[in-house]
Amino acid sequence: MVFRDPWEQVLTSLGSNVQGTMPLLTQQIEADYDQYSLVASLDNVRNFSTILKAIHFQDHATCFATRNGIKVTVEKAKCVQANAFIQAGIFQEFMVHEESVTFRINLTVLLDCLSIFGSSPMPGTLTALRMCYQGYGYPLMLFLEEGGVVTVCKINTQEPEETLDFDFCSTNVINKIILQSEGLREAFSELDMTSEVLQITMSPDKPYFRLSTFGNAGSSHLDYPKDSDLMEAFHCNQTQINRYKISLLKPSTKALVLSCKVSIRTDNRGFLSLQYMIRNEDGQISFVEYYCCPDEVPESES
């Protein structure tokens with residue numbers, strides 16, 4: 001399976017939308033359909049909430065909706081950015097009346113509302129969701145239905161703030177590898193997390209791909225040969241050694257736990273992109289991407 005840039009995946013995977021299956025909710029909403037800028041329905045709310053949990057390391061997020069899907073962005077310290085891409089085809093119903101719809105929302109409150117029926121429903125029982133947004137200044141409305149019981153939540157939206165542009169252009173990518181996620185999960189469990197930084201070495205020659213930490217017990221290294229069973233693709237053009245603050249990378253482990261594959265890329269500035277491929281309960285694919293600025297490059301190795 002080709003591991004493409006996640007936004008490209010959204011743009012090229014429109015799919016066919018199916019009418020929602022929430023009869024208790026449709027009558028009132030369909031009567032005023034045209035007044036909404038955004039309407040989206042899901043038979044299984046966990047397919048949405050799981051992806052949002054993967055980027056929940058700050059209270060607030062910015063949501064961007066186009067006819068291709070929804071992108072939810074979270075940032076911290078102007079050094080790390082997480083983007084969740086939920087393509088339109090994942091929804092049973094997806095409609096955006098404008099060219100694009102943007103708003104800021106409290107992500108913590110949104111996740112609490114999405115799990116209002118509990119995070120572990122009875123076997124065979126699904127919580128359905130219909131999400132409606134009327135436009136600038138209006139709240140985001142959530143209609144949740146489980147077992148014939150409907151709950152309506154209204155979450156105030158805020159003026160969207162300008163998000164960082166990491167200018168991570170594919171033409172400037174120097175090195176890229178694709179790993180099975182289990183390999184990276186094992187690495188994070190073995191490396192010394194008392195280290196302030198994680199050093200990533202990517203090279204066309206040995207050690208190929210190396211993760212290093214410098215903690216209380218000294219330095220430790222974990223190497224992946226390019227012909228490892230865990231390595232699905234290896235495209236390294238030159239040796240790069242970059243360090244990243246572990247405190248900035250830790251939030252990405254939420255997405256790592258959920259993912260089946262991860263693409264690791266570095267550009268000519270040493271910026272890091274981690275793209276996680278996540279398969280939901282219905283077998284559909286979503287992406288979560290993290291961008292991180294480099295911390296420092298050791299002078300002796302630059």
Side-chain angles (χ1 to χ4, degrees), residues 9-11 13-56 61-72 84-103 105-107 109-122 124-136 138-157 278-288:
Q9 175 82 0
V10 171
L11 292 174
S13 301
L14 302 183
S16 59
N17 289 334
V18 182
Q19 290 299 316
T21 56
M22 302 175 65
L24 294 180
L25 306 184
T26 54
Q27 297 177 1
Q28 178 63 40
I29 295 173
E30 289 179 352
D32 304 316
Y33 218 62
D34 292 339
Q35 72 177 347
Y36 293 108
S37 300
L38 167 67
V39 177
S41 298
L42 273 170
D43 291 339
N44 184 359
V45 72
R46 290 201 302 275
N47 290 340
F48 186 47
S49 62
T50 298
I51 298 300
L52 296 183
K53 288 176 183 176
I55 61 169
H56 183 214
T62 302
C63 300
F64 307 87
T66 69
R67 64 186 181 88
N68 303 305
I70 298 175
K71 180 177 78 166
V72 184
F85 302 91
I86 306 102
Q87 54 190 323
I90 286 179
F91 296 91
Q92 277 70 55
E93 175 188 37
F94 190 83
M95 181 205 69
V96 178
H97 268 152
E98 303 172 14
E99 183 176 344
S100 64
V101 175
T102 306
F103 56 89
I105 197 163
N106 188 309
L107 184 57
V109 173
L110 174 58
L111 285 169
D112 286 344
C113 291
L114 293 176
S115 60
I116 202 162
F117 283 105
S119 56
S120 301
M122 295 291 291
T125 302
L126 297 177
T127 301
L129 166 70
R130 175 161 287 192
M131 183 168 58
C132 302
Y133 176 62
Q134 197 165 338
Y136 182 82
Y138 286 91
L140 180 69
M141 298 182 63
L142 306 177
F143 300 83
L144 296 120
E145 178 184 6
E146 183 179 306
V149 178
V150 178
T151 297
V152 181
C153 302
K154 294 183 179 181
I155 306 174
N156 288 335
T157 57
I278 299 174
R279 196 182 306 275
N280 68 21
E281 294 178 2
D282 297 326
Q284 299 162 315
I285 295 296
S286 295
F287 286 96
V288 168

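Source: prediction; values computed, not measured. Positions are given from 1, in the same order as the sequence printed here.
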Visitor: Is there a donor-acceptor pair closer than 3.5 Å between any side-chain N or O of Q87 and the backbone N or O of I285?
Guide: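 Present.
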
Visitor: Work out which heavy atom in F85 is nearest to a heavy atom in S286; give both atom names and the distance.
Guide: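 Residues F85 and S286, closest heavy atoms: O-CB, 3.5 Å.
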
Visitor: Hey, mind stepping through L52 and L114 against side chain to side chain contact (heavy atoms under 4.5 Å, CB included) and telling me if it holds?
Guide: CA-CA 10 Å; L52 296 183; L114 293 176; 4.0 Å; yes

Visitor: Under 6.0 Å from the CD atom of E281, do we count more than 12 heavy atoms belonging to anything else shown?
Guide: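 Atom CD in E281 is packed in, count exceeds 12.
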
Visitor: Should the pair E93-R130 be classified as a salt bridge under the 4.0 Å nitrogen-to-oxygen rule?
Guide: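 Salt bridge flag = yes for R130 with E93.
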
Visitor: Begin from the C-alpha positions of L42 and I90 and carry the test side chain to side chain contact (heavy atoms under 4.5 Å, CB included) through to its verdict.
Guide: CA-CA 8 Å; L42 273 170; I90 286 179; 4.2 Å; yes

Visitor: Judged by modelled atom types alone, do D282 and N44 share a side-chain donor-acceptor pair under 3.5 Å?
Guide: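 Short answer, no.
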
Visitor: To the nearest 0.5 angstrom, please state how far the CD1 atom of I116 sits from the OG1 atom of T127.
Guide: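 Here the interatomic distance stands at 10.5 Å.
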
Visitor: Just how far is it from atom CD1 of I278 to atom CD1 of I86, taken to the nearest 0.5 Å?
Guide: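 So the gap between those two atoms works out to 9.5 Å.
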
Visitor: Does some side-chain heavy atom of L129 sit less than 4.5 Å from a side-chain heavy atom of L142?
Guide: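 Yes. Closest side-chain heavy atoms under 4.5 Å.
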
Visitor: Before you tell me yes or no, could you show the steps for F91 and I70 under side chain to side chain contact (heavy atoms under 4.5 Å, CB included), namely the whole-Å CA-CA distance, both residues' side-chain angles and the distance that decides it to 0.1 Å?
Guide: CA-CA 10 Å; F91 296 91; I70 298 175; 3.9 Å; yes

Visitor: If I take atom OG1 from residue T102 and atom CZ from residue F64, how far apart are they, to the nearest 0.5 angstrom?
Guide: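 So the OG1 of T102 and the CZ of F64 are separated by 5.5 Å.
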
Visitor: Looking at I155 and L110, what are the two nearest heavy atoms and their distance?
Guide: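 In terms of heavy atoms, the two residues are closest at CD1-CA, 3.7 Å.
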
Visitor: Is there a side-chain contact between F117 and V149 (heavy atoms, below 4.5 Å)?
Guide: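 Of all side-chain heavy-atom pairs linking V149 with F117, at least one is under 4.5 Å.
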
Visitor: Side chains of R46 and L126, heavy atoms from C-beta outward: is any pair under 4.5 Å?
Guide: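 Contact flag for R46/L126 side chains = yes.
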
Visitor: Treating Y36 as the side-chain partner and L38 as the backbone partner, does any N or O pair qualify as donor plus acceptor under 3.5 Å?
Guide: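 Such a contact is absent between Y36 side chain and L38 backbone.
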
Visitor: Nearest 0.5 angstrom please: M131 CE to M141 CE, how far?
Guide: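 One finds 12.5 Å between CE of M131 and CE of M141.
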
Visitor: Show, in sequence, the C-alpha distance, side-chain angles and deciding distance for V288 and I55, and conclude whether the side chain to side chain contact (heavy atoms under 4.5 Å, CB included) test is met.
Guide: CA-CA 8 Å; V288 168; I55 61 169; 3.6 Å; yes

Visitor: Kindly say whether Q134 contributes a backbone atom to a donor-acceptor pair with the side chain of S37 at under 3.5 angstrom?
Guide: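 Side chain of S37 to backbone of Q134, a donor-acceptor pair under 3.5 Å: yes, one is there.
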
Visitor: Quick check: closest heavy atoms across S100 and T66, and the distance to 0.1 Å?
Guide: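 So the two residues come closest at CB-CG2, 4.1 Å.
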
